[in-house]
Amino acid sequence: MKITTWNINSVRLRMPIVAQFLKEHAPDAICLQETKCRNAEFPYSDFRALGYEHFAINGQKGYHGVAIVSKQPMELLETRDFCEKGDARHVSVGFANGGTPLTIHNFYVPAGGDEPDREINPKFAHKLDFLDEMAEWIQRDRVTDGRVILVGDLNIAPLEQDVWSHKALLQVVSHTPIEVEKLGRVIDAGRWIDTMRRFVPKEEKLYTWWSYRASDWEKSDRGRRLDHIWASEALSETLEQMHVLREARNWTRPSDHVPVTISLAI
DNA sequence: ATGTCAGGAAGATCCTGA
C-alpha cells in the first residue's frame with residue numbers, strides 16, 4: 001500500500017498537478033493539506049475520473065482544510081477540533097485491509113506566525129497549545145495501538161539536517177527549540193517511527209518545502225522538512241520505501257511543498 | 001533574503017495568512 005502526503009496550497013488551483021502526480025505515481029491514498037475550500041467545493045469529479053472514488057474531507061472557506069482521497073473504500077473516523085477554534089486541521093480514516101485494520105490521521109498543524117514568543121504572538125501560542133493537545137490525545141486515547149499512520153504538514157523541521165542552516169533557523173518559527181521539544185513529546189506520546197528518517201540518515205539533508213520567495217529555490221536550496229509520515233510500531237516491519245518528489249517543486253504553478261510517499265508491505 | 005503566492009471582499013486593489 002502506497003500513501004502520499006502533500007500540502008497542496010489550494011486543491012482547486014492545483015488540480016492539474018495533482019492529476020499529474022496521481023497518474024505518474026498512483027498511490028492508493030493521498031492526504032492533502034491546505035485544500036482551502038468548503039467541502040461542497042472540493043473537486044470530487046476530477047478525482048473520480050482518475051479512479052479515486054472515496055473521500056474523507058474536512059474543509060473550510062479560504063483557509064486550512066484537509067482531505068484523504070482513496071482508490072479503496074475507507075471509513076471516515078473523525079475530524080477532531082484541536083484547541084476548539086473550529087479550524088479544519090485533522091481528518092482520520094480506517095481501512096479494513098482484510099482483517100488487520102489500518103488507520104490514517106492527516107494533520108495540518110498551525111504555522112505559528114512570525115514571532116517565536118507565545119506572550120506576544122497568539123499564533124505561536126496556538127501552535128504550542130495544539131502540539132500539547134496532540135500529545136495528550138495520543139497518550140490518553142492510545143492512538144498508536146494497532147496499525148496507525150500519521151501524516152501531514154506539521155510545520156516543524158525537528159532535526160538539524162531538516163533545515164538548510166540549523167544555526168540560522170534557531171529563532172525562526174518551524175525550527176525553534178520549544179517547537180522541536182513539543183514535537184518530540186508528540187512523538188514520544190505514541191512511540192511513533194519517523195519513517196522518512198528510516199530511509200534517509202539523520203546526518204543527510206532532507207527537505208519537503210522551499211519558500212516561494214526565493215528567486216531560484218533550486219539554486220539556493222534553502223529548504224525545510226515540514227511534512228512528515230509517522231508510523232506506529234506495529235508497522236515497523238512493513239516499511240518498504242519512502243520518496244520525496246523534489247521535482248514537483250518545478251511543476252507548473254507548483255505548491256511550495258512537494259509530495260512525500262511511503263510504501264507499506266500490507 | 002521581506003522576496004511570492006493564495007483566497008476573499010470589494011470593486012479593477014487591498015487585506016490576511018503562509
Side-chain angles (χ1 to χ4, degrees), chain A residues 5-21 31-43 46 57-67 81-83 85-90 106-118 120-131 151-158 162-176 178-179 183 205 207-228 246-260:
Chain A
T5 181
W6 196 3
N7 177 317
I8 202 61
N9 188 13
S10 173
V11 68
R12 290 176 296 176
L13 194 67
R14 230 60 82 183
M15 201 57 223
I17 59 169
V18 172
Q20 179 181 349
F21 176 79
C31 303
L32 302 171
Q33 305 87 33
E34 285 205 90
T35 51
K36 294 191 175 177
C37 63
R38 299 178 183 96
N39 290 359
E41 297 160 339
F42 194 85
D46 293 315
I57 313 287
N58 182 14
Q60 70 182 81
K61 183 181 177 179
Y63 302 105
H64 321 317
V66 289
D81 182 14
F82 289 83
C83 299
K85 285 177 71 84
D87 286 349
R89 295 183 178 276
H90 167 265
N106 181 16
F107 273 92
Y108 177 53
V109 170
D114 290 329
E115 197 61 50
D117 181 345
R118 71 175 307 147
I120 61 170
N121 174 11
K123 291 179 192 169
F124 195 68
H126 178 214
K127 185 177 197 174
L128 299 182
D129 293 345
F130 193 103
L131 294 165
V151 305
D153 177 4
L154 306 185
N155 267 315
I156 297 171
D162 289 342
V163 293
W164 64 274
S165 167
H166 169 62
K167 200 176 165 188
L169 289 178
L170 270 171
Q171 296 188 73
V172 174
V173 172
S174 72
H175 192 63
T176 64
I178 181 76
E179 292 169 86
L183 191 73
K205 294 287 188 193
Y207 312 141
T208 64
W209 172 91
W210 293 262
S211 171
Y212 281 127
R213 292 176 186 170
S215 52
D216 185 338
W217 74 273
E218 205 161 19
K219 190 179 169 205
S220 58
D221 197 20
R222 296 187 167 181
R224 305 178 200 169
R225 184 170 71 111
L226 303 180
D227 303 277
H228 299 269
R246 188 183 163 99
E247 68 189 62
R249 187 62 179 76
N250 272 337
W251 287 356
T252 309
R253 294 199 81 179
S255 169
D256 44 356
H257 297 251
V258 298
V260 183

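Side-chain atoms are counted along with the backbone in the values below, which use heavy atoms only and exclude waters and symmetry mates. In the text below, chain A, chain B and the rest are named by the order of the sequence lines, each starting its count at 1.
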> Between D216(A) and C37(A), which is nearer to the 5' end of DNA chain B once each is assigned its nearest nucleotide?
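The answer here is D216(A).
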> Which atom names give the shortest non-hydrogen contact between S211(A) and R249(A), and what distance separates them?
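Nearest pair, atom of S211(A) first, then R249(A): O-NH2, 3.0 Å.
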> Would you mind classifying the nucleic acid contact of S211(A) as base, sugar-phosphate or nothing, using non-hydrogen atoms under 4.0 angstrom?
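Nothing, no nucleic acid heavy atom in range.
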> Touch check for R14(A), heavy atoms < 4.0 angstrom, all strands: base, sugar-phosphate only, or nothing?
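Sugar-phosphate, no base atom in range.
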> Identify the residue among N155(A), I156(A), D162(A), L169(A) that makes a side-chain contact (heavy atoms from CB on, under 4.5 Å) with R224(A).
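Option passing the side-chain contact (heavy atoms from CB on, under 4.5 Å) with R224(A): L169(A).
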> Measure CG/L13(A) against P/dT4(B) and give the value in whole Å, please.
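The answer, rounded to whole Å, is 18 Å.
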> Along nucleotides 9-18 of chain B, 5' to 3', which nucleotides get a B, which get an S, and which get a -, given that the test is a protein heavy-atom distance under 4.0 Å?
S-------SB
> Does atom NZ of K205(A) have more than 12 heavy-atom neighbours from other groups under 6.0 Å away?
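Check passes, neighbour count above 12.
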> Round to the nearest Å and state the distance from E115(A) atom CD to dT2(B) atom C1'.
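Between C1' of dT2(B) and CD of E115(A): 14 Å.
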> Give a yes/no answer on whether the side chain of S10(A) brings an N or O atom under 4.0 Å of OP1 or OP2 in dA6(B).
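It does not, given that no N or O in the side chain of S10(A) lies less than 4.0 Å from OP1 or OP2 of dA6(B).
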> May I ask you to test the D114(A)-F124(A) pair for a side-chain heavy-atom distance under 4.5 Å?
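The answer is no, as the side chains (C-beta and beyond) never meet within the 4.5 Å cut-off.
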> Over how many whole Å does the gap from R222(A) atom CZ to dT2(B) atom P extend?
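Rounded to whole Å, this separation is 11 Å.
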> NA contact type, R253(A), heavy-atom cut-off 4.0 Å: base, sugar-phosphate, or nothing?
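If one applies the 4.0 Å heavy-atom cut-off, R253(A) turns out to touch the sugar-phosphate alone, with no base involved.
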> Among F107(A), Y108(A), F130(A), which residue meets the ring pair (Phe, Tyr, Trp, His ring centres under 6.0 Å) test with H90(A)?
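That would be F107(A).
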> Measuring only the P atom in each nucleotide, how far is dC5(B) from dA10(B)? A whole number of Å is fine.
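The same atom, P, in both gives a distance of 27 Å.
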> With DNA chain B as reference, determine whether P254(A) or S215(A) sits nearer its 5' end, using the nearest nucleotide of each.
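Between the two, 5'-proximity favours S215(A).
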> Can you give the donor-acceptor pairs under 3.5 Å from side chains of residues 8-18 of chain A to other protein atoms, not counting sequence neighbours?
{"from": "N9(A)", "atom 1": "OD1", "to": "K36(A)", "atom 2": "NZ", "distance (Å)": "2.8"}
{"from": "N9(A)", "atom 1": "ND2", "to": "Y212(A)", "atom 2": "OH", "distance (Å)": "3.1"}
{"from": "S10(A)", "atom 1": "OG", "to": "L13(A)", "atom 2": "N", "distance (Å)": "3.2"}
{"from": "R14(A)", "atom 1": "NE", "to": "I8(A)", "atom 2": "O", "distance (Å)": "3.1"}
{"from": "R14(A)", "atom 1": "NH1", "to": "R253(A)", "atom 2": "O", "distance (Å)": "2.8"}
{"from": "R14(A)", "atom 1": "NH1", "to": "P254(A)", "atom 2": "O", "distance (Å)": "3.3"}
{"from": "R14(A)", "atom 1": "NH2", "to": "N9(A)", "atom 2": "O", "distance (Å)": "2.9"}
{"from": "R14(A)", "atom 1": "NH2", "to": "Y212(A)", "atom 2": "OH", "distance (Å)": "3.4"}

